[in-house]
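Notes follow once the structure below has been shown.
What you see below is based on every heavy atom in this structure, not just the backbone, and it leaves out hydrogens, waters and symmetry mates. Keep in mind it's a predicted model, so treat the numbers as computed, not measured.
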Amino acid sequence: MSSTSAATATTEPSEGEKGEPAAPAKPHVIEIELDEQLYPKDVIYGAAYVFIDRCYVHLDRVGDGRVKVSLRAKRGGPALSEALAGELQNELLGQAWRQEIAAQNRKLIESVTARALGGAAGPPGLDELLAMDISDDTAFDDPLGIAMSWEDKYGKKKNKSSEGQAADGGTADGNASSGVADGTAVDRETP
Amino acid sequence: MIEVRFHEDLYDGFAVDEAVKAYGDFLSAELAREEQAWIVRFTPAPHAIEEGIDAWTLASELANYALGKTIERSRMPEDALALASGGEEA
């Protein structure tokens, strides 16, 4: 599966020419060897990316299907590096499991996404509108009377009431000024 | 002289190149391709050493940058990747 060791760094410093300052002592680096069958490259990348803000991470291939991860904490001593190496191994497991779930649910995710995009497509297109049955019988069908004007709906009743009021001595001007209130009053009287 | 090896299976050539350019002010480097690896050999700039940046830290920062860029590029859609690479192949 994976093996951890605290050993050499992946970079190879060599003694500089005369006058050049010598490279400082090798820092403490944790090395973890991983089997690519268990932890594919994408999984290793995912886990490494989580840690590159806190650690120096270097990857190398050490054999067929084996990857070596070298890890060093940016701040803190060897103990912190070792703790972070443990965290990295946990993260590797988490990433592997997430990838497994994504692979299992890929078809479901694709289906749900396709449905959502289909629903969000909006109103029908021109072809669908042309295919619709719009004849004289169906085009202006208004069973709820929504398209009817106020005058058409209440006009006759209003006329009746104004006739009645005129007979009682009221004027047409008086009715006109009373406006909507007259109409509603008529409505209440004649259900 | 410090040598850093980046296996070409695991690192993107453009990412390594970009990392060297990003840290160009702090080092003088030469790049090579040997045995399935991108090799970066560099010497820290005198002012970097004066500022207290040791060669190991510089090498590690360079490697981190190259890894981060490689991962970001591996997740880019192909058309965006081609655009970012200027139409060349790594």
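There is no path of hydrophobic side-chain contacts, each under 4.5 Å, that joins A:Val62 to B:Val4. B:Ile39 and B:Leu62 are assigned to two separate hydrophobic clusters, defined by single-linkage of ILVMFWY side chains at heavy-atom distances under 4.5 Å. Following chains of ILVMFWY side-chain contacts shorter than 4.5 Å, one cannot reach A:Val50 starting from A:Trp97, and the two form parts of different hydrophobic clusters.
Atom NZ of A:Lys68 and atom NE2 of B:His7 lie 11.5 Å apart (nearest 0.5 Å). Taken from CZ in A:Phe51 to CG in B:Asn64, the straight-line distance is 12.5 Å, to the nearest 0.5 Å.
When all heavy atoms of B:Glu61 and A:Tyr56 are compared, the closest pair comes out as OE2-OH, 2.8 Å. Considering all non-hydrogen atoms of both residues, B:Ser60 and A:Arg72 come closest at OG-NH2, 2.9 Å. B:Gly68 and A:Ile52 make their closest contact through CA-CD1, 3.8 Å (heavy atoms, listed as atom of the first residue, atom of the second, distance).
Contact of B:Arg75 with chain A is made through the side chain alone, with heavy-atom distances under 4.5 Å. The contact between B:Tyr11 and chain A is made by backbone and side chain atoms together, counting heavy-atom distances below 4.5 Å.
Around the CD atom of B:Glu51, the shell of radius 6.0 Å holds more than 12 heavy atoms that belong to other residues, nucleotides or ligands. For CD of A:Gln104, the number of neighbouring non-hydrogen atoms (other residues, nucleotides, ligands) closer than 6.0 Å is greater than 12.
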>> Show, in sequence, the C-alpha distance, side-chain angles and deciding distance for A:His58 and B:Leu67, and conclude whether the side chain to side chain contact (heavy atoms under 4.5 Å, CB included) test is met.
In response: CA-CA 7 Å; A:His58 187 272; B:Leu67 181 62; over 6 Å; no

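Residues A:Tyr45 and B:Thr70 meet the side-chain proximity criterion, which asks for heavy atoms closer than 4.5 Å.
No donor-acceptor pair under 3.5 Å is formed between the side chain of B:Asp9 and the backbone N or O of A:Arg61.
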